[in-house]
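Let me begin by presenting the structure, written as structure tokens, before commenting on it.
Just the heavy atoms: all of them, side chains too, but no hydrogens, waters or symmetry mates, feed the values below.
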Amino acid sequence: MSAGFLLIHAKPGRTWTTLLSWTLFALGIALYFYVSQARHRDNPEDRVMPTVTQMARGMFDAALKPAEDDEAQAPATTFTQRFLGSMLWKDTKATSRRFFYSMLLLIPAVLLGLHMGLFPYVGAFFLRFVLFFDKIVALSLLPILFIAFGIDELAKIMLIVIGVTPTIILDTFNLTRAVPAEQTVKAFTLGAGDFDVAYRVVLKQIAPRVLNSIRLNLKAVMLFLFAGEMIASTDGLAYRIALLRRHMGMDVIIPYVLWVAMLLFLVDFGMRLLNRQLHPWFRES
Amino acid sequence: MIRIDNVAVSYGTPPRPVLEAIDLRIEEGEFVCVLGQTGCGKSTLLRLVLGCEQPQTGRILVDGREHRQPDRTRGYVPQKYSLFPDKTVLDNITFGPEVSEFSLFGRLTPSFYRRRREFREEAFEYLRRTGLRKEDARKYPDQLSGGMQQRVAIAQALMTRPRILLMDEAFSALDPGTRKDMQRLIRELWRATGTTILFVTHNTQEALRLGTRVIVLAKESPDQGSRVMLDLSVPEPCHESDLPHLVHRLESVSEGTRPEVGQAPRFAGPFRISPAC
Ligand SMILES: Nc1ncnc2c1ncn2[C@@H]1O[C@H](COP(=O)(O)OP(=O)(O)O)[C@@H](O)[C@H]1O
Ligand SMILES: [Mg+2]
């Protein structure tokens, strides 16, 4: 115990590390309970900080009660059926679909970045424009998008594309540029053609880093997706949150926020696993 | 086989000369070591022969042709990043024949898998010749030591049977023991395959041990480009006892002190020295 507590050379044990890492969560939850209870003692009708039972009930309704417009259908019986007919599932499905399309649109972005980095003429043609595009504040385009593309899906997906693709293009471009020249020269001396070099040497090498870059940009994708949904949509998780705000429905909003965080965490985690599975040679540095 | 005619290269604005008035003829089957201090333009010379860059004046003919980009006729083994990190050792070695015979979509045909089996057998043969074990075939490059990586890189380059092999400080990052092994290996392979080798190094002993010919690049003054200062034919084998003397002599040329300017070459017997300027 020569190195003191709170010094760079301190070596906390495993238990301490675990304990410390959960402390803020515990504190946050405890504080919430305390304040929520205090508020409910003053005013039993308080809607700002619902109690756990209220949130549980709200979430239960969202997850297992049929969504409003489906009420006419035959009543669902099993748990799965009820969940599949619920508001939560409907919203999640709508948001996931938009999310999925945006992810698909990132593939051409990656390929464009790759070609810009490798083929000088392609780079000369696109680079300046993408750099300029990258500086446009995507949210400031929101009204223009809604005017140009209407308020349906296309506008929302375009918002994500405009907001996120320049970053991905430039990131891929830089990663491509960072591949040592020795690698491409070697490939050419082994008889590779331009497209072999692009797809079998460079793209394969940068793929895990590109995937990590997409993981980092998941937040941005969600941000633009939520902005679009909150402003112009009739379903989706963000639409629900925005709608419930009008009714001060904190008992559903808070669980929804946590649900979104968990979904995003799972997507990120899945991508990390996929990355490790696909690229066993890659060591994160 | 390789003809370098009055080549000059400079970089930057204002142009800073790197190479100047380089004239060389390299014949089939020679093992040429290019020797010079760091920054004197050895890699630049190699890049010119590869075709990655074009000289500002003069021209470079390989087999009577000017080359605008690297291709299969000239193999390449750099000091670093010589292997594809995302491919196993085996896939690294078979990469050459695979891309040479099959396009991106050609890989989808069944004949590709038949051919690949043959490539793999050949690759194992090269693995054996470069002193690697069968178990190494499935490893990724960063699981190998530096020496093993360079062995794989040599096997990879030889798989496509280039007539010329260009090596840029290929052994410079290795520890002395490994380095000696690698020198023996490349010498053996050179004798067995008859490949013309252009080997760049800043280590004088290495140049003398390996080459049948040693070319020293150096600048006469700091604001000039490097020229060929010395072109030495090394007898075979180069006696270890001759080494220190030669090393001293070559290093003084390469460092620009040139104590023997104006003197007749002091080497007797088998050494042929032609000061190029
Ligand atoms: N692409 C380039 N642009 C500008 N300067 C360069 C470039 N390539 C090499 N140089 C310069 O040319 C000189 C010779 O480089 P190089 O051939 O790599 O030397 P060596 O391999 O002998 O150490 C160095 O001073 C280097 O800074
Ligand atoms: Mg060099």
Side-chain angles (χ1 to χ4, degrees), chain A residues 107-108 110-111 113-115 117-123 172 174-214 271-272 274-285, chain B residues 43 46-47 49-53 67-89 91-107 138-143 153 155-162 164-170:
Chain A
I107 295 174
V110 168
L111 294 183
L114 175 78
H115 284 254
L118 277 176
F119 298 86
Y121 276 97
V122 182
T172 314
N174 287 329
L175 286 170
T176 306
R177 282 305 187 77
V179 170
E182 282 96 332
Q183 296 269 308
T184 46
V185 174
K186 179 106 196 188
F188 278 118
T189 63
L190 292 173
D194 281 15
F195 288 98
D196 292 314
V197 170
Y199 292 96
R200 294 180 59 184
V201 176
V202 177
L203 181 60
K204 278 200 72 184
Q205 246 179 75
I206 62 171
R209 290 190 183 86
V210 169
L211 220 69
N212 276 345
S213 152
I214 292 178
M271 283 176 76
R272 206 174 85 202
L274 186 76
N275 212 355
R276 207 177 300 159
Q277 208 67 43
L278 290 179
H279 313 290
W281 53 272
F282 181 65
R283 292 233 197 93
E284 249 147 303
S285 46
Chain B
S43 301
L46 215 64
R47 279 203 301 279
V49 179
L50 274 166
C52 300
E53 278 174 47
H67 291 265
R68 306 245 120 218
Q69 63 173 47
D71 61 46
R72 279 190 67 171
T73 56
R74 286 145 294 149
Y76 179 50
V77 181
Q79 175 182 359
K80 282 190 298 179
Y81 311 115
S82 47
L83 295 175
F84 304 121
D86 56 301
K87 296 178 175 53
T88 61
V89 166
D91 289 340
N92 260 290
I93 300 180
T94 56
F95 181 85
E98 276 180 26
V99 285
S100 305
E101 282 189 33
F102 295 92
S103 66
L104 269 180
F105 296 107
R107 288 165 68 83
R138 282 166 43 184
K139 291 186 180 159
Y140 287 101
D142 74 346
Q143 295 171 294
Q156 181 188 41
L158 290 178
M159 266 296 270
T160 47
R161 301 209 174 78
I164 303 169
L165 189 58
L166 305 164
M167 304 179 76
D168 192 353
E169 311 250 9

Is any side-chain heavy atom of A/Thr189 closer than 4.5 Å to a side-chain heavy atom of B/Pro162?
no
Identify which part of B/Ser100 has an atom lying under 4.5 Å from any heavy atom of chain A, answering side chain, backbone, both or neither.
both
Under 4.5 Å from a heavy atom of chain A, the part of B/Lys139 involved
neither
For A/Phe195, look at atom CZ and say whether over 12 heavy atoms of other residues, nucleotides or ligands are found less than 6.0 Å away.
no
Tell me the closest heavy-atom pair linking A/Val185 and B/Cys52, and the distance in Å.
CG2-SG, 3.7 Å
For residues A/Arg200 and B/Lys87, report the shortest heavy-atom separation together with the two atoms involved.
O-NZ, 2.6 Å
Go through B/Phe95 and A/Val201 one step at a time and tell me if the side-chain contact (heavy atoms from CB on, under 4.5 Å) criterion holds.
CA-CA 10 Å; B/Phe95 181 85; A/Val201 176; 3.5 Å; yes
Please classify the contact between B/Pro85 and chain A as side chain, backbone, both or neither, with a heavy-atom cut-off of under 4.5 Å.
both
Region of B/Arg107 that comes under 4.5 Å of a non-hydrogen atom in chain A
side chain
Below 4.5 Å from any heavy atom of chain A, which atoms of B/Leu104 appear? Answer side chain, backbone, both or neither.
both
Report which part of B/Gln156 has an atom under 4.5 Å of a heavy atom belonging to chain A: side chain, backbone, both, or neither.
both
Please classify the contact of B/Tyr140 with chain A as side chain, backbone, both or neither, using a heavy-atom distance under 4.5 Å.
side chain
Please say whether more than 12 non-hydrogen atoms of neighbouring residues, nucleotides or ligands are located less than 6.0 Å from OH in B/Tyr81.
no
Counting heavy-atom pairs under 4.5 angstrom with chain B, the leader among A/Gln183, A/Glu182, A/His279 is A/Gln183
Donor-acceptor pair, side chain of A/Lys186 and main chain of B/Leu83, under 3.5 angstrom
no
Is A/Ala187 in contact with chain B via its backbone, its side chain, both, or neither, using a 4.5 Å heavy-atom distance?
both
Among B/Asp142, B/Thr73, B/Leu50, the residue with the most heavy-atom pairs under 4.5 Å to chain A is B/Asp142
